[in-house]
Amino acid sequence: QLQLVESGGGLVQPGGSLRLSCAASGFTLGSYAITWFRQAPEKEREGISCIRGQGATSNYAGSRFTISRDIAKNTVYLQMNSLRPEDTAVYYCAARQTLYGCSGLRRHYAYWGQGTQVTVSS
(Lines give C-alpha, C1' and ligand atoms only; values in the text may rest on other atoms or scores of the structure.)
Protein backbone atom coordinates (compact mmCIF):
# COMPACT_ATOMS: atom_id res chain seq x y z
CA GLN A 1 0.00 0.00 0.00
CA LEU A 2 1.53 3.29 -1.14
CA GLN A 3 1.46 5.82 1.70
CA LEU A 4 2.92 9.28 2.34
CA VAL A 5 3.11 10.94 5.75
CA GLU A 6 4.22 14.56 6.18
CA SER A 7 5.71 15.92 9.39
CA GLY A 8 7.78 18.83 10.66
CA GLY A 9 5.28 21.65 10.41
CA GLY A 10 4.62 24.15 13.15
CA LEU A 11 4.96 27.78 14.15
CA VAL A 12 8.02 29.71 12.98
CA GLN A 13 8.93 33.40 13.09
CA PRO A 14 9.35 35.45 9.92
CA GLY A 15 12.87 34.99 8.57
CA GLY A 16 13.17 31.59 10.19
CA SER A 17 13.72 28.15 8.68
CA LEU A 18 11.92 24.83 8.80
CA ARG A 19 12.50 21.39 7.34
CA LEU A 20 9.52 19.23 6.43
CA SER A 21 9.67 15.46 6.00
CA CYS A 22 7.66 13.14 3.76
CA ALA A 23 7.98 9.51 4.84
CA ALA A 24 7.16 7.06 2.05
CA SER A 25 6.07 3.45 2.44
CA GLY A 26 4.84 0.76 0.10
CA PHE A 27 7.07 1.88 -2.77
CA THR A 28 10.66 2.82 -3.60
CA LEU A 29 11.57 6.47 -4.13
CA GLY A 30 13.72 5.56 -7.11
CA SER A 31 10.60 4.64 -9.09
CA TYR A 32 8.52 7.74 -8.29
CA ALA A 33 8.55 11.49 -8.66
CA ILE A 34 7.71 13.31 -5.42
CA THR A 35 6.42 16.88 -5.36
CA TRP A 36 5.80 19.22 -2.44
CA PHE A 37 2.64 21.33 -2.67
CA ARG A 38 1.09 23.93 -0.41
CA GLN A 39 -2.39 25.33 -0.02
CA ALA A 40 -3.22 28.53 1.82
CA PRO A 41 -6.78 29.36 2.88
CA GLU A 42 -8.98 30.32 -0.08
CA LYS A 43 -6.12 29.71 -2.54
CA GLU A 44 -5.42 26.91 -4.99
CA ARG A 45 -2.95 24.17 -4.17
CA GLU A 46 0.38 25.07 -5.79
CA GLY A 47 3.50 23.07 -6.55
CA ILE A 48 6.74 24.02 -4.77
CA SER A 49 9.46 21.58 -5.79
CA CYS A 50 9.81 18.09 -7.27
CA ILE A 51 12.41 15.34 -7.20
CA ARG A 52 12.46 12.57 -9.80
CA GLY A 53 13.27 8.93 -9.25
CA GLN A 54 16.82 9.43 -10.50
CA GLY A 55 17.31 12.43 -8.19
CA ALA A 56 17.00 15.39 -10.56
CA THR A 57 14.90 18.27 -9.23
CA SER A 58 12.53 20.95 -10.53
CA ASN A 59 11.74 24.13 -8.62
CA TYR A 60 8.50 26.09 -8.93
CA ALA A 61 8.66 28.51 -6.00
CA GLY A 62 12.15 30.02 -5.95
CA SER A 63 15.44 29.55 -4.12
CA ARG A 64 14.03 29.69 -0.57
CA PHE A 65 12.81 26.10 -1.02
CA THR A 66 15.08 23.09 -1.54
CA ILE A 67 13.95 19.50 -2.01
CA SER A 68 16.15 16.53 -1.13
CA ARG A 69 15.86 12.88 -0.13
CA ASP A 70 17.41 10.12 1.95
CA ILE A 71 17.07 6.87 0.03
CA ALA A 72 18.02 4.73 3.03
CA LYS A 73 15.20 6.28 5.08
CA ASN A 74 12.77 6.40 2.12
CA THR A 75 12.11 10.03 3.04
CA VAL A 76 11.86 13.26 1.04
CA TYR A 77 12.56 16.64 2.65
CA LEU A 78 11.67 20.25 1.97
CA GLN A 79 14.06 22.82 3.43
CA MET A 80 12.37 26.21 3.78
CA ASN A 81 14.42 29.33 4.52
CA SER A 82 13.71 33.04 5.02
CA LEU A 83 10.07 32.28 5.69
CA ARG A 84 7.41 34.94 5.30
CA PRO A 85 3.86 35.21 6.65
CA GLU A 86 2.52 34.52 3.15
CA ASP A 87 4.19 31.09 3.32
CA THR A 88 1.57 30.08 5.88
CA ALA A 89 -0.26 27.07 4.43
CA VAL A 90 -0.86 23.35 4.69
CA TYR A 91 2.06 21.59 3.01
CA TYR A 92 1.54 18.27 1.21
CA CYS A 93 3.72 15.75 -0.57
CA ALA A 94 2.44 13.80 -3.56
CA ALA A 95 3.77 10.93 -5.67
CA ARG A 96 3.45 9.59 -9.18
CA GLN A 97 5.48 7.12 -11.22
CA THR A 98 8.74 8.72 -12.31
CA LEU A 99 7.94 7.58 -15.87
CA TYR A 100 5.70 10.66 -16.06
CA GLY A 101 8.35 13.04 -14.74
CA CYS A 102 7.89 16.05 -12.49
CA SER A 103 4.79 18.21 -12.47
CA GLY A 104 3.56 21.08 -10.31
CA LEU A 105 -0.09 20.43 -11.17
CA ARG A 106 -2.37 18.91 -8.54
CA ARG A 107 -4.45 16.93 -11.05
CA HIS A 108 -1.40 14.92 -12.16
CA TYR A 109 -1.02 13.21 -8.77
CA ALA A 110 -3.05 10.36 -7.33
CA TYR A 111 -1.12 9.70 -4.10
CA TRP A 112 -1.12 12.31 -1.32
CA GLY A 113 -0.15 12.67 2.29
CA GLN A 114 -2.45 14.19 4.90
CA GLY A 115 -0.61 17.52 5.03
CA THR A 116 1.24 19.40 7.75
CA GLN A 117 0.44 22.95 8.87
CA VAL A 118 3.11 25.64 8.63
CA THR A 119 2.37 28.99 10.27
CA VAL A 120 4.79 31.91 9.88
CA SER A 121 4.03 34.57 12.46
CA SER A 122 5.69 36.65 15.15
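For this chain, numbers begin at 1 and follow the sequence in order. In this text the structure is predicted, and so the values were computed from the model without any measurement.
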Check whether any side-chain heavy atom of Y77 sits under 4.5 Å from a side-chain heavy atom of L20, and report yes or no.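 Counting from C-beta outward, Y77 and L20 never come under 4.5 Å.
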
Would you check if L29 and V76 make a side-chain contact, meaning some heavy-atom pair closer than 4.5 Å?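 With C-beta onward as the side chain, the pair touches.
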
Applying side-chain hydrogen bond (donor to acceptor under 3.5 Å, both in side chains), name anything that partners [X], two or more places apart in sequence or on another chain.
X    : value
N59  : S49
S103 : H108
Q13  : none

Pair Y60-S58, side-chain contact (heavy atoms from CB on, under 4.5 Å): steps then yes or no: CA-CA 7 Å; Y60 311 114; S58 296; 3.8 Å; yes

Hey, could you give me the [atom1]/[atom2] distance between [X] and [Y], rounded to the nearest 0.5 Å?
X    : Y    : atom1 : atom2 : result
Q79  : S17  : CD    : OG    : 5.5 Å
L105 : E44  : CG    : CD    : 10.5 Å
I48  : T35  : CD1   : OG1   : 10.0 Å
E46  : W36  : CD    : CH2   : 14.5 Å
I34  : Y111 : CD1   : OH    : 11.5 Å
T66  : N81  : OG1   : CG    : 6.5 Å

D70 side-chain N/O to T75 backbone N/O, donor-acceptor pair under 3.5 Å: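 Here the side-chain-to-backbone pair does not exist.
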
Does anything in residues 18-65 form a disulfide (SG to SG under 2.5 Å)? List the pairs, not counting sequence neighbours.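 As it turns out, the disulfide (SG to SG under 2.5 Å) pairs with a partner in residues 18-65, which skip direct neighbours, are C22-C93, C50-C102.
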
Can you list every pair that meets salt bridge (charged side-chain N to carboxylate O under 4.0 Å, His left out) and has a residue in [range], with sequence neighbours left out?
range           : value
residues 3-15   : none
residues 17-31  : none
residues 83-103 : R38-D87, R64-D87

Tell me every residue that passes ring-ring contact (aromatic ring centres under 6.0 Å, His included) with F27, counting only those two or more places apart in sequence or in another chain.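 Listed in chain order: Y32.
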
Please set out all donor-acceptor pairs under 3.5 angstrom arising from side-chain atoms of residues 115-122, sequence neighbours excluded.
unit_1, atom_1, unit_2, atom_2, d
T116, OG1, G9, N, 3.2
Q117, NE2, A89, O, 3.4
Q117, NE2, T119, OG1, 3.4

Is I71 linked to L78 within one hydrophobic cluster, defined over Ile, Leu, Val, Met, Phe, Trp and Tyr using a side-chain heavy-atom separation of less than 4.5 Å?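 The answer is yes; both residues are in one hydrophobic cluster.
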
Can you get from I51 to Y100 by hopping between Ile, Leu, Val, Met, Phe, Trp and Tyr side chains that sit under 4.5 Å apart?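 Looking at the clustering, Y100 is in a separate group from I51.
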
Side-chain hydrophobic cluster, 4.5 Å single linkage: members besides W112: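 Listed partners: F37, V90, Y92, Y109.
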
Using a 4.5 Å cut-off between side-chain heavy atoms of Ile, Leu, Val, Met, Phe, Trp and Tyr, which other residues end up in the same hydrophobic cluster as L11?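 Members besides L11: none; it forms no cluster.
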
Run the salt bridge (Lys or Arg N to Asp or Glu O under 4.0 Å) test against R52 and tell me which residues pass, sequence neighbours left out.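 Listed in chain order: nothing, the list is empty.
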
